[in-house]
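One structure is given below, encoded as structure tokens.
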Amino acid sequence: MKITKLTTWRVPPRWMFLKIETDEGIVGWGEPVIEGRARTVEAAVHELSGYLIGQDPRNINDLWQMMYRAGFYRGGPILMSAIAGIDQALWDIKGKALGVPVYELLGGLVREKMKTYSWVGGDRPADVIADIRRLREAGFDTFKLNGTEELGLLDSAAKVDDAVGRIAEIRAAFGNEIEFGIDFHGRVSAPMARVLLRALEPYRPLFVEEPVLPEQAEHYPLLAAQTAIPLAAGERMYSRYDFKRVFAAGGIAIIQPDLSHAGGISECFRIAAMAEAHDVALAPHCPLGPVALAACLQVDFVSHNAVLQEQSMGIHYNKDAELLDYVKNRDDFRIEDGFIRPLPKPGLGVEVDEERVIAASAAHAQDWRNPVWRHADGSVAEW
Ligand SMILES: O=C(O)C(=O)C[C@@H](O)[C@H](O)CO
Ligand SMILES: [Mg+2]
């Protein structure tokens, strides 16, 4: 079997789909994208296609190493997202060629169902109580919200009280009937993370995510030493080589690699195993589309330390398109009481509605960009 063509489509809300075709008619789908830099990743995918055309798509390990090591400069969000989407499509092809889901190729299921969680609130987490009530009626009991709005390197007691007050309201309204993660989203400096973690302790969040920016990772063990709140990170780490330093330093209890940013199924499967060796839980990051989610689930169902799966149904980014809008086998993605079952179809288990993808891409008005926030003094704030 030989790879004959790679085609990419940028589509609303902010995703990109990759289709890899072969000379035997089997096609694979991937979702290579960095939110806000879709065109850059698209260029990287087509640059890498030179290593792929004419090659056997079933030789995933060798193609992965070729894509990673053939370039003198490697790693980082753009290249690893391009490799991720290509890797997803290669696994999709291999599974379809053998007539089995990818999780069978990775050794089979370790669980019958996977716990998922839903976002509440938005970029500016205002009234999350109503969101939680609505999603609880849909069967969810685990949620995630942003912890703060803009926050200065050193900020006020009022800002801290605002952030903590929102969490206190959630606990007051729902007690311990729900769990929730708080995403600091890299908005919080190391000094303010110490202040916030201490103030949030009494409300026992399930985790605090990206407690500081990934470039401040040396603070993870220091922050973990002062709090019982499990710390989570990973969406802005892109390979085993990024994660190995975090495992060695300690402090992170939950890793959140993104299957569309960290080298795909091949790399995230290896990262998950590294995490298990350090008694670290796996909770793949996935605010993206259905192919990315399908890739996450293939790793979740073969990883003993997988505990939670993010999915983007109803997320505040999904304007103009929702999680399953480009999917034909929507029933396979049904979430019951917050749990999702293994995707039954061969490959990644997602049947992409190609016509809908092409139409949406053609009508695609503008590229998604995250907002640029500024502090009151006019300086750039972390979004
Ligand atoms: O889902 C999360 O945990 C996020 O922090 C959302 C963020 O990753 C955006 O997708 C960036 O555009
Ligand atoms: Mg996050």
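Note that this is a predicted model, so its numbers are computed, not measured. As the structure lists them, so they are numbered: ligands from 1, and atoms in each ligand from 1.
Applying the side chain to side chain contact (heavy atoms under 4.5 Å, CB included) test between Ile182 and each of Leu200, Asn146, Ile229 identifies Leu200 as the sole match.
Listed by atom number, the atoms of ligand 1 under 4.0 Å from Asp183 heavy atoms are 2 (C), 3 (O), 4 (C), 5 (O). In the vicinity of Trp119, heavy-atom distances shorter than 4.0 Å reach the ligand 1 atoms 1 (O), 2 (C), 3 (O), 4 (C). Each of the atoms 12 (O) of ligand 1 lies under 4.0 Å from some heavy atom of Trp368. Those atoms of ligand 1 that come under 4.0 Å of a heavy atom in Trp383, given as number and element, are 11 (C), 12 (O).
Between Arg124 and Glu150, at least one side-chain nitrogen of the basic residue sits less than 4.0 Å from a carboxylate oxygen of the acidic one, meeting the salt-bridge criterion. Between Lys115 and Asp141, at least one side-chain N (NZ, or NE/NH1/NH2) sits under 4.0 Å from a carboxylate O, which counts as a salt bridge. Using a 4.0 Å cut-off between a side-chain N of Lys or Arg and a carboxylate O of Asp or Glu, Asp162 and Lys159 do not qualify as a salt bridge.
Considering the Mg ion (ligand 2) as centre, the angle to OE2 of Glu209 and to OD2 of Asp183 is 90° (10° rounding).
The option with the heavy atom closest to atom 7 (C) of ligand 1, from among Arg37, Glu235, Arg14, His261, is Glu235.
If you check which protein heavy atom lies closest to atom 9 (C) of ligand 1, you get Tyr317 OH, 3.5 Å. Of the protein's non-hydrogen atoms, the one nearest atom 1 (O) of ligand 1 is Glu310 OE2, 2.6 Å.
Side-chain contact annotation: Ser260 with Gln88, donor-acceptor N/O pair under 3.5 Å present.
Here Phe184 has no heavy atoms under 4.0 Å from ligand 1, in either its backbone or its side chain. The part of His285 lying near ligand 1 is the side chain, judged by heavy-atom distances below 4.0 Å.
Using bins of under 30°, 30° to 60° and over 60° for the plane-to-plane angle, the ring pair Phe301/Tyr103 lands in the tilted bin. The aromatic rings of Trp119 and His316 stand perpendicular to each other, their planes meeting at an angle above 60°, with 30° marking the opposite boundary. Using the six-membered ring where Trp is involved, Phe140 and Phe143 have ring planes that are tilted, between 30° and 60° apart.
Checked against the Mg ion (ligand 2), the N, O or S atom of Glu235 at the shortest distance is OE1.
Ligand 1 has no atom lying under 4.0 Å from any heavy atom of Gln256.
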